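All values derive from a computational prediction rather than experimental measurement. Throughout, a chain's letter reflects where its sequence line sits, starting with A, and its residues are numbered from 1.
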Amino acid sequence: MSNDNSTAESAAKTSNFIHQIIEDDLKSADAPKQIVTRFPPEPNGYLHIGHAKSICLNFGTAEKFNGVCNLRFDDTNPEKESQEYIEAIKRDIRWLGFTWHEDVRYTSSYFDQLYNWAVYLIEKGNAYVCDLNAEQARAYRGDFTTPGKNSPYRDRSISENLTLFAKMKAGGFAEGFCSLRAKIDMQSSNMNLRDPMLYRILNVSHHQTGDQWCIYPIYDFAHGQSDAIEGITHSICTLEFEGHRPLYEWFLEHLPVASTPRQYEFSRLELNYTVTSKRKLKQLVDKGIVNGWDDPRMPTISGMRRRGYTATAIRKFCDMVGVTRSNGVVDVGMLESAVREDLEVNAKRAMCVIDPLKVTLSNVAEGASEMLSLAVHPKLDMGERELPFSKYLYIEKQDFSEDTSLGRKKFKRLVIGDYVRLRGAYVIKAEQVIKDDSGQIIEVIASIVPGTVGANPAPEFKPRGVIHWVSACHAVPCELRIYDRLFSDATPDKNKEKPFTELINPDSLQVIPRAWAEPSLLKAEIESGYQFERTGYFVADADSTPEQLVFNQTLPLRESKAK
RNA sequence: UGGGGUAUCGCCAAGCGGUAAGGCAACGGGUUUUGAUCUCGUCAUGCGGAGGUUCGAAUCCUCCUACCCCAGCCA
């Protein structure tokens, strides 16, 4: 489908601070044999545009340096995770065009090893079972300006800790009764080092391990070690994990791990007029504000796919925004620009009239039907399509005006007494307008200039412009869903007055139940992009049935001010 | 407030001591059987601020300022 095979080349050209670090690493004496990265989503929601950036970075970096990238589900919190999300995430990554190394990994498949390492820490006197409840633990932790206090359980003996931890694992304690904590430094100015929790008791079954465990490791105790197990060389994550890096390294230093991955952080992607947080996107879904995770207004990968955004465009966009450590909010227009750039060369052209006005051609015989052949793309060779022409047409209401004083440059459409080109067909002249009792224009009588198909007319018949059309008796009805940005606020999650769920653009979805498409669109495939000439990019939606075609507007065409 | 980060055009972003790339947007001109595309041009004497070092500073030093992250048994 994609005519763009320059993605890999341009990806190879783009660089960022992480690539620079890797280049240095590769030159060093202890250079890794191979670069290994990983994309570690938690299966607690669908992937969004922010994840796309991380995916492009991790898979793209591995590709650039002839390394590999693992897909690892960071499934340490079964309460919020599900198999449905796992399947959706795999589907989205594949759709983006990336292939993970070997089999999918799961942090949960390392639970035994992680447990043994926890025991190891206890044996070395570096971890203890703490009976403080959540509230008490918070009080003991202190705050930014107050150092924490040691837990009264901090100095339990190694053997007692071993017994207690085994009992935790065996289900001997109620949820929340106790936890395993690392013995680091309650006075640390880095809150993450104030004896962080390693394991908590969770009496829930896990989507991968079933009821095998009732204790689950916390992120910090699982992530770095999982990286080490997999031989990850560069563990790339977002900025909010920066403060966790000392802890990440502490575990690698205090455990007999086989390799020492390094963590690097970059700033997460933010887009204006949207939210990029799985938690918030889930709220939109749960509250029914949108129709599911793949609603075409959602910045999820599956939503964008359904909207008609292409993988090529999303990857191009990720390339455009770059990778840095500074927080910023990217203009959603940049994403749209990448989408148009791809669709301009990859979308087939077709015609569809949204708001029809009947045109009767006075000098075309009743019942006469001519089959015209039009290029699928005006510049690229994408074949031809057949288009029936007849005495009765539909054009857009907007493309006709009674105001004959409108200048030819000001209004490049149909006006009584003047000429206009029907795209790919004849030049016509509007002769007469017919109105109903209320004065509404219901029909225009026009005539064709013979011999103007594929040929320019004599100068005196020079058309004001080109308009799109369909043959009224051949056109197929279809439903159009026109989308606009989901939020009316540029920064919905930073608004002080209202929660983001109340900043929804009331016009984010407009349904046009009956538009008229050229017959070739009957063959439109789901997810295949079209440009409806002069109106916008559209894509056939999976809701389409043999009786009713449904198209989603991907984006309108750009419009210069004059229009 | 303690700690950790970040500040270059409206937005994103190169720059790594030698005199401010590029993209998006915007604004002008041209081409065009899509008011699309394409194309040509304009768009930071200035790099958060103030000092300092240097022949030379966005790049080095000092001091300010603003914003982001951390006080989940989330990731």
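Here, B/U37 and B/A25 have their P atoms 9 Å apart, quoted to the whole Å. One C1' atom belongs to B/G28, the other to B/C60, and the distance between them is 43 Å to the nearest Å. Look at the P atom in both B/G35 and B/G15: the space between them is 42 Å, to the nearest Å. Nucleotides B/U62 and B/C73, compared at atom P, are 38 Å apart to the nearest Å. The C1' atoms of B/U42 and B/C69 are separated by 40 Å, rounded to the nearest whole Å.
Shown here, B/U19 forms no base pair; nothing in the strands shown gives a Watson-Crick or G-U wobble contact with both key distances under 3.5 Å. Remark: B/C38 base-pairs with B/G30; criterion is Watson-Crick or G-U wobble with both hydrogen-bond distances under 3.5 Å. Nucleotide B/U62 is matched to B/A50 when pairs are restricted to Watson-Crick or G-U wobble geometry with both distances under 3.5 angstrom. If you check B/G2 for Watson-Crick or wobble pairing at under 3.5 angstrom, you find it paired to B/C70.
Using a 4.0 Å heavy-atom cutoff across all strands shown, A/Gly322 reaches no nucleic acid atom at all. At a threshold of 4.0 angstrom between heavy atoms, the contacts of A/Val427 with the nucleic acid are absent. Residue A/Asn190 is out of contact with every strand shown, counting any heavy-atom pair closer than 4.0 Å. When heavy atoms are screened at a 4.0 angstrom cut-off, A/Gly465 is found touching no nucleic acid atom at all. No engagement by A/Ser267 is indicated, since no non-hydrogen atom pair under 4.0 Å with the nucleic acid exists. The residue A/Gly328 sits close only to the backbone: its heavy atoms come under 4.0 Å of sugar-phosphate atoms, none of a base. Residue A/Val453 is classed as a base contact, given a heavy-atom separation below 4.0 Å to a base. Counting any heavy atom pair closer than 4.0 Å across all strands shown, A/Ser277 reaches no nucleic acid atom. Counting non-hydrogen atoms under 4.0 angstrom, A/Arg138 reaches the backbone sugars and phosphates but no base. Base contact: A/Gln20 has a heavy atom under 4.0 Å from a base atom.
Note: CD1 (A/Ile18) to C1' (B/C16) measures 17 Å, nearest angstrom. Rounded to an integer number of Å, the gap from CG of A/Leu132 to C1' of B/G72 is 15 Å. Between the P atom of B/U34 and the CD1 atom of A/Ile395 lies a distance of 17 Å, rounded to the nearest Å. Between A/Tyr264 atom OH and B/U6 atom C1' the separation is 19 Å, expressed in whole Å. The separation between A/His468 atom NE2 and B/U34 atom C1' is 9 Å, rounded to whole Å. Atom CG of A/Asn192 and atom C1' of B/G5 are 14 Å apart (whole Å). Nucleotide B/C73 holds its P atom 19 Å from the CZ atom of A/Phe173, rounded to whole Å.
Phosphate proximity of B/G3 to A/Ser188: absent, as no side-chain N or O sits under 4.0 Å from OP1 or OP2. Taking only side-chain nitrogens and oxygens, A/Arg413 never comes nearer than 4.0 Å to OP1 or OP2 of B/U33. For B/C68, the OP1/OP2 oxygens have no side-chain nitrogen or oxygen of A/Arg268 closer than 4.0 Å. Between A/Arg325 and B/U6, a side-chain N or O to OP1/OP2 separation shorter than 4.0 Å is present. Between B/C12 and A/Thr324, no contact under 4.0 Å exists linking OP1 or OP2 to a side-chain N or O. Put simply, A/Arg558 has no side-chain N or O that comes within less than 4.0 Å of OP1 or OP2 on B/G35. Residue A/Arg200 has a polar side-chain atom (N or O) positioned under 4.0 Å from OP1 or OP2 of B/A75. Checking the phosphate oxygens (OP1, OP2) of B/A13, a side-chain nitrogen or oxygen of A/Ser326 falls inside 4.0 Å.
Once the 5.5 Å centre distance and the 30° plane angle are applied, the aromatic ring of A/Phe144 is found stacked with the base of B/G2.
Between A/Pro378 and A/Asn133, the residue whose closest nucleotide on RNA chain B is further toward the 5' end is A/Pro378.
A glycosidic torsion no more than 90° from 0 defines the syn conformation; B/G23 lies beyond that range and is anti.
Exactly one of A/Gln83, A/Glu81, A/Glu84 qualifies for a side chain to side chain donor-acceptor pair (under 3.5 Å) with A/His207. That residue is A/Glu81. Checking A/Ile218, A/Asp220, A/Ile184 one by one against A/Pro196, the side-chain contact (heavy atoms from CB on, under 4.5 Å) holds for a single residue, A/Ile184.
Counting only heavy atoms from C-beta on, A/Glu240 has its side chain closest to B/C69 among B/G4, B/C69, B/C73. Counting only heavy atoms from C-beta on, A/Phe241 has its side chain closest to B/A75 among B/U33, B/G4, B/A75.
Between A/Lys280 and A/Asp493 a salt bridge is recorded (basic side-chain N to carboxylate O distance below 4.0 Å). Look at A/Arg534 and A/Glu396 and you find no salt bridge, because none of the NZ, NE, NH1 or NH2 atoms lies under 4.0 Å from a carboxylate O.
Both cation-pi conditions hold for A/Arg485 and A/Tyr273: the charged atom is under 6.0 angstrom from the six-membered ring centre and inside a 45 degree cone around its axis. Taking the ring centre of A/Tyr419 as origin, the terminal cationic atom of A/Lys462 falls outside the region bounded by 6.0 Å and 45° from the ring axis.
In this structure, A/Ser226 contributes its side chain and A/Ala222 its backbone to a donor-acceptor pair below 3.5 Å.
The aromatic rings of A/Phe39 and A/His51 sit perpendicular, their planes meeting at an angle over 60°, well past the 30° parallel limit.
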